[in-house]
Amino acid sequence: MSQDKDAARLRELREKIHYHDYRYYVLDDPEIEDAAYDTLYRELKALEAAHPELDDPNSPTRRVGGTVLPAFTSKPHRMRMYSLDNAMTEAEWLDFVTRAANKLEKEGVPFERTFWVDPKFDGLALEIIYENGVYAGALTRGDGETGEDVTENVRTVKNVPLDLRPHAARSGLPVPRLLEVRGEVVMTRQDFYELNERQREQGGKVFANPRNAAAGSVRQLDSAVSATRPLTFFTYGVGTTDFGDADPGWATHSGVMRGLAALGLPVAGEGKAVSEAEVYPYFTAMGARRQELPFEIDGVVVKVDSLALQRELDFTDRAPRFAIALKFPAHEAETALTAIDVQVGRTGVLTPVAILEPVSLAGVTVSRATLHNEDEIKAKDLRAGDTVVVRRAGDVIPEVVRVVTEKRPADAREYAFPHICPSCGSPAVRAEGEAAWRCVNFACPAMLRRGIAYFVSKSGLDIEGLGRKWVESLIDKGMVRTPADLFGLTEADLVPLERMAEKSAANFVAAVDAARKNATLSKLIAALGIRQVGTRTARTLAGHFTDLDALGAATAEELTALPDIGPEVAASIREFFGNDANRALVARFKEIGLWPVAAPKPAQPAATTALAGKKFLFTGTLPDMSREKAQELVEAAGGRVVSAVSKKLDYLVAGAEPGSKLAKAQALGVRILSPEEFHALLAAAGATVQSRRSLLDA
Ligand code: IVH
C-alpha cells in the first residue's frame, strides 16, 4: 500500500470518525451502527500504528488521553472571563432591566429589548481555543484573568469538536483564525450516578454532586483518567474571535450561538431569543422542568441579544451589565443526624450513611444521605446527635452540607470509623492511596448478598420475581454461595423455606431457567459486576467477543482497541478473569448451560425495521413492563430513547398518570402513543419480548 494512499485514507478516517462522534455526542442522532463505527475506529488505529509519522494530537483515537502532567500550568486569558451578577427575585430582574435602560438612555442609544436566555449550567467554566479551525487548547476560568491549562484533558471530552473545518465547509461559515469558545463542562445526573458507583466499588474518590465530579474530572493530572470520566461540554458564548477578512455576520448573541452550533460546537437546545415579557416566564418554566433535564442547572442566564448593545453596556469591575443570572432558590434544610450507619457493598467497600430525622426537601422526604467515606466524615466533623444542613440539588441524592456547630450537644463524641466489617466482623483494610475501607473476606455474607442481588437485578440478568429478600434468605441458609448456585435449585429445595409456597417455588425455578436460556452475552457480562463494566461497556464487549471464554482470553491491547475502553477498564476486566474463583464461576456457567454465544452482527441489523433511528420517550406507567424493558425493546429494534421532549422526538409513549412531558409533546405536535399502540409498533418492528434475545445479541 503506497504511502500517499495510506495518508489519504488516514485523513478520511479521521474526518469520518470525527463526523460520527459529532452525530453521536453532539446531535444525539447517530447515523451508523456501533459495529460499523468500531470497524472504522479499528482501521484508523491500525493505520496510525503503521504510520507513526502521521501522528496528530487531534486524531479521534487520542480522546483516550495518556499524557501525565507533573502539575498544571497557569495561563492568562486573552479576554477576561467575568462572573455574573445574580437576581433572586422578579424585582431584582426588573431592576437589572431598568439599570440597562437608564444607561442606554444616557448614551442616547435605543434599547432593543430582545434577550438570549439559556440555562445556567452547574459545572466548571472553560475556555476552549481553536486556531485555524483546529483544537489548540483549553483553560479553566481560574480567577478570570488566568486559568489552568487543561488542554490534554479537555481533548478527551467526547462532545468537544477537535476540528471545526469540515463543519465550516458544510455550513458555509468562514474558518476562524482564532476562536475562543466559552462554556461549562458538566456531568449528567445519570453519568454521575454511574461514575460514583464505580468509584465506590474501587475505593476511589466519591463525588458529592455532579459539579464536583465534573470539576474533579477536568482537573486530573493524568489525562487517561479524565478520558474515563463521562463529561459533557455546553457552549454559552465566545471570548476573542478573529475571522481575518471574512465576516461570520455575528450581530446578535443568538447569531453567535447559531454560528457556534454550525461550527460543530455543542449548544444546549434550551437556549433561545425572547422578548422582555417572556424572560421571567422562561425562568419559571425552566424551574419547573429542572428535574427533567439530564444535567443540573442552578438558574437561567439572560443576556441582551444585540452585540452592539452589549458593547455599549459594557462591564463593571466584576460582571457584565448586559447579562444577569436568575437563580433558583437552593433546597436546604436543617435536621438531626441521628446516627452514622455503615453498609457493605458488592465489592466489600464500607460506605457510611447518615441516618437523618426525616425532613422535607423540595417535596421529597429525606431520611438518609450517603457520606461517601471516612475522610468525608472527618472533614465535616460529623457526629451522631449533630444538627446538620442537608441539601438536595436537582434530584440528586441528598447530601449533608455541614454541621450547625452552635447546636452541637455537649456530649457529642467524635465519630470513629469502624475498622471491622459490620457484616462479618473480619478486619477491614484501607489500602494506600484509597479512600475506602474494605472488607476483604470473600465469603462475607454482605458482599455475597450484594453481588448476587446485582447479578439478578435489572442491571444484570433481570430474573423476574427474584427479589432481594429471597436472595438474602437463600444465602443465609447456605443454599447459594455463588450466582451459579441459583441455577441448580429445585422446587424440592425451595418448598421447605418459609413463605415459599409450592406455586412460587415453581415460578422461581421457571424464572431462573428462563433466565438461563434467554441470557444474552451482554446481560451476562454486565451481571458479573466487573468493576467499571456497566451495561454500555458490556454491550460493546458482547459486540466483539463470541462468549465469556473469548472475553476472558482477551489481551489488554485487544480490549483497548475497542471504543470507550481505556487502560483502566481493560485492567479491571483482566483482573476479573485472572481471579481463580471468578474463572471457576465462569466454568460453572458453561457446565450448567448459562452460556450465551453472540453471533456476528448481520450487515444491517435493525436498520430495516420500522423503528430504525426513531426517537422515543416515556411518561407515566406502562401497564405491563418496566421502563427499562421498554427501553431495551426500543433499542433492540433500532430505535432510541431520549431524555427530554423536543420537536425531534418521534413518539411519546404515555402510560397511566403521565407527567408534564405529555402536554409539552402535544404542544409540539409529537405523535403520542398509548401503551397498546406502542405494543403494536413493536410487533410491527418484529420486536417482541420473546425475540428480544435474538435482537439484542444479533
Ligand atoms: S454567560 C460575561 N451563560 O456562570 C458573561 N455563564 O456566575 C459570561 N455559566 O463563570 C457568562 N451557565 O461559567 C453564561 N448559560 C450561561 C452559563 C454561564 C453557566 C457560568 C459561567 C460563569 C458563571 C457566572
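Remember, it's 1-based here, ligands and their atoms both numbered in the order they're listed.
In terms of protein heavy-atom proximity, atom 12 (N) of ligand 1 is closest to Phe121 N, 3.0 Å. Closest protein heavy atom to atom 13 (O) of ligand 1: Glu184 OE1, 2.5 Å. Summary of contacts: the protein heavy atom closest to atom 14 (C) of ligand 1 is Tyr236 CD1, 3.4 Å. Nearest non-hydrogen protein atom to atom 24 (C) of ligand 1 is Leu84 N, 3.6 Å. Distance from atom 10 (O) of ligand 1 to its nearest protein heavy atom, with residue and atom name: Arg141 CD, 3.5 Å. Nearest protein heavy-atom contact of atom 4 (O) of ligand 1 is Lys120 NZ, 3.2 Å. What sits closest to atom 2 (C) of ligand 1 on the protein, heavy atoms only, is Pro320 CG, 3.5 Å.
The backbone N or O of Glu296 sits nowhere less than 3.5 Å from a side-chain atom of Asp122 that would complete a donor-acceptor pair.
For ligand 1, the atoms sitting less than 4.0 Å from at least one non-hydrogen atom of Asp118 are 15 (N), 16 (C), numbered in the order shown with element in parentheses. Listed by number with element, the atoms of ligand 1 under 4.0 angstrom from any heavy atom of Val301 are 3 (N), 14 (C), 15 (N), 16 (C), 17 (C). Near Ala125, with a cut-off below 4.0 Å to any heavy atom, the atoms of ligand 1 are 10 (O), 13 (O).
Because its NZ or CZ atom is both nearer than 6.0 Å to the ring centre of Tyr82 and within 45° of the ring axis, Arg80 counts as a cation-pi partner of that residue.
Considering both main-chain and side-chain atoms, Lys303 comes within under 3.5 Å of ligand 1 through a nitrogen or oxygen pair. At a 3.5 angstrom cut-off on N or O pairs, Pro119 counts as close to ligand 1.
Counting heavy atoms from C-beta outward, Gln666 and Leu652 have side chains that stay 4.5 Å or more apart.
Every side chain to side chain donor-acceptor pair (under 3.5 Å) that Glu127 has, sequence neighbours left out, goes to His77, Arg182. For Asn86, the side chain to side chain donor-acceptor pair (under 3.5 Å) test picks out no residue, with sequence neighbours left out.
Separation of the Phe322 and Trp116 ring centroids does not fall under the 6.0 Å cut-off.
Salt-bridge annotation for Arg23 and Asp28: absent, with no side-chain N of the basic residue lying under 4.0 Å from a carboxylate O of the acidic one.
Nearest heavy atom pair, residue Thr151 against residue Ala136, reads CG2-O, 4.3 Å.
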